[in-house]
**Q** 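Following this message is one structure expressed as structure tokens.
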Protein chains: 2
Amino acid sequence: VIETCQLVKKYKLGAATEVSALRGIDLQVEEGEFVAIMGPSGSGKSTLMNIIGCLDVPTSGTYRLSGSEVSRMSSNQLADLRAGKIGFIFQSFNLLPRTTALENVELPLNYQGVPNARKRAEEALEWVGLSDRLHHRPNELSIGQQQRVAIARALVTHPSLILADEPTGNLDTRASQEIMSLLQTVHRQGGTLVLITHEMEIGQHAQRVVRLRDGLLVFDESVADP
Amino acid sequence: VIETCQLVKKYKLGAATEVSALRGIDLQVEEGEFVAIMGPSGSGKSTLMNIIGCLDVPTSGTYRLSGSEVSRMSSNQLADLRAGKIGFIFQSFNLLPRTTALENVELPLNYQGVPNARKRAEEALEWVGLSDRLHHRPNELSIGQQQRVAIARALVTHPSLILADEPTGNLDTRASQEIMSLLQTVHRQGGTLVLITHEMEIGQHAQRVVRLRDGLLVFDESVADP
Ligand SMILES: Nc1ncnc2c1ncn2[C@@H]1O[C@H](COP(=O)(O)OP(=O)(O)OP(=O)(O)O)[C@@H](O)[C@H]1O
Ligand SMILES: Nc1ncnc2c1ncn2[C@@H]1O[C@H](COP(=O)(O)OP(=O)(O)OP(=O)(O)O)[C@@H](O)[C@H]1O
Ligand SMILES: [Mg+2]
Ligand SMILES: [Mg+2]
């Protein structure tokens, strides 16, 4: 479902400096796979995830999603993908600040015109243990609670591809385990799951681990049955 | 150096809802101690830290910092404390968005009128491994890099009290270890260090672990020599 070929991403900073965040990434993910992306801070994980999630474009290289070349898609097609087919859990949450937890989770359902949006959003917040925080805005929640609202928002549309960028970074062990079992359930129901983590215990839940270092793929192996 | 008595913090949400984030906290920290504050997501760790760091006031209860009751301090005294004596590493970094990493770290030194501010800021960014990112603004840095800029900014004034809220949450193992040895060095030089973490391996670096659950202190013990 994901096929990248020689993905390169360069950032220009002023006239003299250029940062190569990705230096030619070839990554293939089959439908229904669970892949963990690991690597040091600054190695290019979020940059790669943003391109896979159609939120950013590479400097060069190709990216085919479910067989279609993304660079040739219309902005409507991309918006559709982002709203319904792909569930994106951002490393910095990206919640709407003046909107409650419930409204933030309801938003993608309203965008798609799904009936019963409020009820489904309440359910998603229950999956992540936040039933008693529905009417809090992001700045009225702890950081780990904000992260869980972002997770509920990504899963509420039942997307077929879930891209999770460090979904447990701000959670205690028990909340982390609850989120991982939630993601495992979604994966068992047939979803494709790509998850960035710097925690070994979290990466071990995956079937396959891919490692980035300085914008290059240095490791790509299936792990023993998790 | 820190002495709280029955600290309570309540948030009112609309007319009907009240959240008790802290329900009567008694915490005493001696000068030169290294204490880890742990506990589930939403248990009140950041709320407690913000009161200790004089960034928030309790609903009731007393807080004495180096023997002085904080609620009786003038706003100038509080600003002085926050600028020079207390180094605060925020869980969400709180960097100035339109300012480079170097300028963000230099800011507290300029506020104090310290000479050689630029050189000292460069040094602090070297301690956290970001010498090659001095002129990047926060949105031109990875999340873990932003966290390390926040750490450099807190340490550059050589504060006597360091309050670190999840300083390694977004870092890989190696970068985490580098930050912990940096904090250990500061502690060995006589600093008082209060560190919030949800990671057991990080908590084990401390001499004493304090656990919060639902706004109450449920555990407070010295750990074996780390
Ligand atoms: N401004 C606010 N208004 C209402 N409730 C709030 C506000 N800020 C925090 N809370 C609530 O107070 C509780 C404690 O929040 P706090 O940020 O201290 O938790 P925490 O232990 O730091 O959590 P985490 O590990 O997720 O960062 C949470 O349940 C949160 O929902
Ligand atoms: N807008 C930008 N301009 C310039 N450089 C950037 C920009 N965004 C990212 N970078 C750089 O690209 C590199 C990769 O960043 P990225 O966010 O993908 O790393 P990461 O692996 O997700 O790190 P972390 O684990 O800390 O989140 C970093 O070194 C960063 O400094
Ligand atoms: Mg990242
Ligand atoms: Mg917190």
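Just so it is clear: chains get the letters A, B, ... in the order the sequence lines come, proteins before strands, and each one is counted from 1.
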**Q** Compare every heavy atom of Ala117(A) with every heavy atom of Leu109(A), then report the nearest pair and how far apart it is.
**A** CD1-O, 3.6 Å

**Q** For Ala150(B), what residues pass the side chain to side chain contact (heavy atoms under 4.5 Å, CB included) criterion, not counting sequence neighbours?
**A** Phe93(B), Leu95(B)

**Q** Mind checking whether Ile37(B) and Leu48(B) have side chains closer than 4.5 Å, heavy atoms only?
**A** yes

**Q** If the cut-off is 3.5 angstrom, what donor-acceptor pairs do you find between chain A and chain B?
**A**
unit_1	atom_1	unit_2	atom_2	d
Ser41(A)	N	Asp172(B)	OD1	2.7
Ser41(A)	OG	Arg148(B)	NH2	3.0
Arg148(A)	NH2	Ser41(B)	OG	3.0
Gly169(A)	O	His198(B)	NE2	3.3
Leu171(A)	O	His198(B)	NE2	3.1
Asp172(A)	OD1	Ser41(B)	N	2.8
His198(A)	NE2	Gly169(B)	O	3.3
His198(A)	NE2	Leu171(B)	O	3.0

**Q** Looking only at heavy atoms, which two atoms of Ala101(B) and Leu141(B) are closest? And how far apart?
**A** CB-CD1, 4.5 Å

**Q** Side chains of Leu55(B) and Phe90(B): does their closest heavy-atom pair fall under 4.5 Å?
**A** yes

**Q** May I have the step-by-step check of side chain to side chain contact (heavy atoms under 4.5 Å, CB included) for Val70(A) and Ile51(A), ending in yes or no?
**A** CA-CA 10 Å; Val70(A) 171; Ile51(A) 292 171; over 6 Å; no

**Q** Considering only heavy atoms, which portion of Leu171(B) lies under 4.5 Å from any heavy atom of chain A: side chain, backbone, both, or neither?
**A** both

